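Everything below concerns the one structure shown next.
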Amino acid sequence: MRKDFKENLLNILNGVSSGVVITLVPGALINELMKGMSSFWPGAQDILTMTTLMQNLLAVFAGLCVSYLLKFNLIQSGSVAAAAMSDSGAFEMKNGHIMLNGSGDVINIGLTIFIAAKLVKYLTPKLGSYTVLFLTLSVAVFAGGLSQFALPYTKMITGMIGSVVSVLTDFQPLVKGTPKIQMANILRNPKLFVPVVVSAGLPAWLVRSSTSQVRLTLLV
């Protein structure tokens, strides 16, 4: 039981990761280039529209990738993809119209796919010949309902993770500079400097005879 859970969880994580690569990498590769070319080539805007639409369909691709790894059939795969898209947060309703709004929340997509996959495995034997009629509806309603309830909280968690990453990025120069500070302290102290130089492979006579010169060379 525990092994099956771990295997299913890994398949879901791998499937969501594959969906992210499929949908986001093409746009990352050519979007900026197409924006620059759109001023003199009208077709560039069409390519931008296609890559943007692919990004909006992240939940669908993630659901299909997970279904493939779990060896689901077509009806089961479509049920998982439909549930993932309906509660991904990638669209919103405005004046009775559905408006696409980004790729959605990846955490909520993964949670929806996890619940949907569990429901598919549980309901398929129960429904029997009625699977074609009721599986997609059942998975979309139950998995989608739970994920829709969790969406505000997963968005909050995603926002917190983004804030933490942003703060850590601001400390990047300090992190990069710390080894240099440590090396400078080593070079200032002969008791630390000589063992480091010897361990680096320099001849012992060179260290004994011209420690200061070696230190100067390493600093340069």
Side-chain angles (χ1 to χ4, degrees), residues 1-2 4-28 31 49-124 134-169:
M1 182 73 178
R2 186 174 181 180
D4 292 339
F5 175 80
K6 183 178 180 180
E7 184 178 354
N8 290 337
L9 184 60
L10 287 176
N11 285 332
I12 290 171
L13 293 176
N14 289 333
V16 172
S17 301
S18 299
V20 170
V21 171
I22 292 170
T23 57
L24 300 186
V25 168
N31 272 9
T49 302
M50 286 186 276
T51 55
T52 302
L53 182 60
M54 289 176 62
Q55 294 172 7
N56 293 136
L57 296 177
L58 166 62
V60 175
F61 284 96
L64 293 176
C65 290
V66 171
S67 299
Y68 173 79
L69 294 175
L70 294 176
K71 298 179 174 59
F72 286 168
N73 60 33
L74 294 177
I75 299 297
Q76 293 170 331
S77 301
S79 302
V80 173
M85 184 61 193
S86 62
D87 295 286
S88 62
F91 63 89
E92 57 185 5
M93 296 293 296
K94 285 186 177 181
N95 301 322
H97 299 284
I98 298 177
M99 306 291 292
L100 293 175
N101 184 25
S103 302
D105 188 273
V106 177
I107 296 178
N108 204 67
I109 291 172
L111 177 64
T112 306
I113 292 174
F114 178 80
I115 298 172
K118 287 291 184 182
L119 279 174
V120 165
K121 289 188 174 183
Y122 175 77
L123 292 176
T124 299
F134 296 112
L135 182 63
T136 304
L137 177 62
S138 302
V139 172
V141 170
F142 290 105
L146 291 173
S147 300
Q148 192 68 36
F149 174 77
L151 182 58
Y153 303 101
T154 56
K155 280 186 174 181
M156 182 176 63
I157 294 172
T158 304
M160 291 172 60
I161 294 174
S163 300
V164 171
V165 172
S166 178
V167 171
L168 292 177
T169 303

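These numbers come from a predicted model, not from an experiment. All values below come from the heavy atoms of this structure, side chains included, with hydrogens, waters and symmetry mates left out.
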Quiz prompt | Shortest non-hydrogen separation from Ala84 to Ile113 and the atoms involved | solution = CB-CG1, 3.7 Å
Quiz item: Closest approach of Gly110 and Ile12, non-hydrogen atoms and distance?
Solution: O-CG2, 4.2 Å
Quiz prompt | Separation of Leu119 CG from Lys121 NZ (nearest 0.5 Å) | solution = 12.0 Å
Exercise. Carefully, step by step, assess Ile115 and Ser147 under the rule side-chain contact (heavy atoms from CB on, under 4.5 Å).
Key: CA-CA 8 Å; Ile115 298 172; Ser147 300; 4.2 Å; yes
Quiz item: What's the spacing between Ser18 OG and Tyr68 OH if we round to 0.5 Å?
Solution: 10.5 Å
Exercise. Decide yes or no on side-chain contact (heavy atoms from CB on, under 4.5 Å) for Val16 and Val106, but give the supporting numbers first.
Key: CA-CA 8 Å; Val16 172; Val106 177; 4.1 Å; yes
Quiz item: So Cys65 and Ile22, side-chain contact (heavy atoms from CB on, under 4.5 Å) or not? Walk me through it.
Solution: CA-CA 10 Å; Cys65 290; Ile22 292 170; 3.7 Å; yes
Practice problem: Indicate yes or no: at least one non-hydrogen side-chain atom of Thr112 is less than 4.5 angstrom from one of Asn108. | Solution: yes
Self-check item: Leu123 side, atom CG; Ser79 side, atom OG - distance, nearest 0.5 Å
Solution: 9.5 Å
Quiz item: Roughly how far, to the nearest 0.5 Å, is CE of Met50 from CE of Met54?
Solution: 9.5 Å
Exercise. Report the C-alpha distance between Asn31 and Gln55 in whole Å, list the side-chain angles of each, state the deciding distance to 0.1 Å, and finish with yes or no for side-chain contact (heavy atoms from CB on, under 4.5 Å).
Key: CA-CA 12 Å; Asn31 272 9; Gln55 294 172 7; 3.7 Å; yes
Practice problem: Specify the closest pair of heavy atoms between Val21 and Pro26, including all atoms of both residues, with the distance to one decimal. | Solution: O-CD, 3.8 Å
Quiz prompt | Exercise: identify the closest heavy-atom pair between Ala117 and Phe72 | solution = O-CZ, 4.0 Å
Practice problem: Give, for atom CG of Leu13 and atom CZ of Phe114, the distance between the pair rounded to the nearest 0.5 Å. | Solution: 10.0 Å
Self-check item: Sequence-distant partners of Ser86, side chain to side chain contact (heavy atoms under 4.5 Å, CB included), two or more places apart
Solution: none
Quiz item: Of the non-hydrogen atoms in Asn11 and Val66, which two are nearest, and what is the gap between them?
Solution: O-CG2, 4.1 Å
Quiz item: In chain order, what residues pass the side-chain hydrogen bond (donor to acceptor under 3.5 Å, both in side chains) check against Ser67, with sequence neighbours excluded?
Solution: none
Practice problem: Identify the heavy atoms of Ser88 and Leu151 that sit nearest to each other, and give their distance. | Solution: O-CD1, 4.4 Å
Quiz prompt | Residues in side chain to side chain contact (heavy atoms under 4.5 Å, CB included) contact with Val60, at least two apart in sequence or another chain | solution = Leu57, Leu64, Ala81, Met85
Quiz item: Hey, what do you get for CD (Gln76) to OG1 (Thr124), rounding to the nearest 0.5 Å?
Solution: 4.0 Å
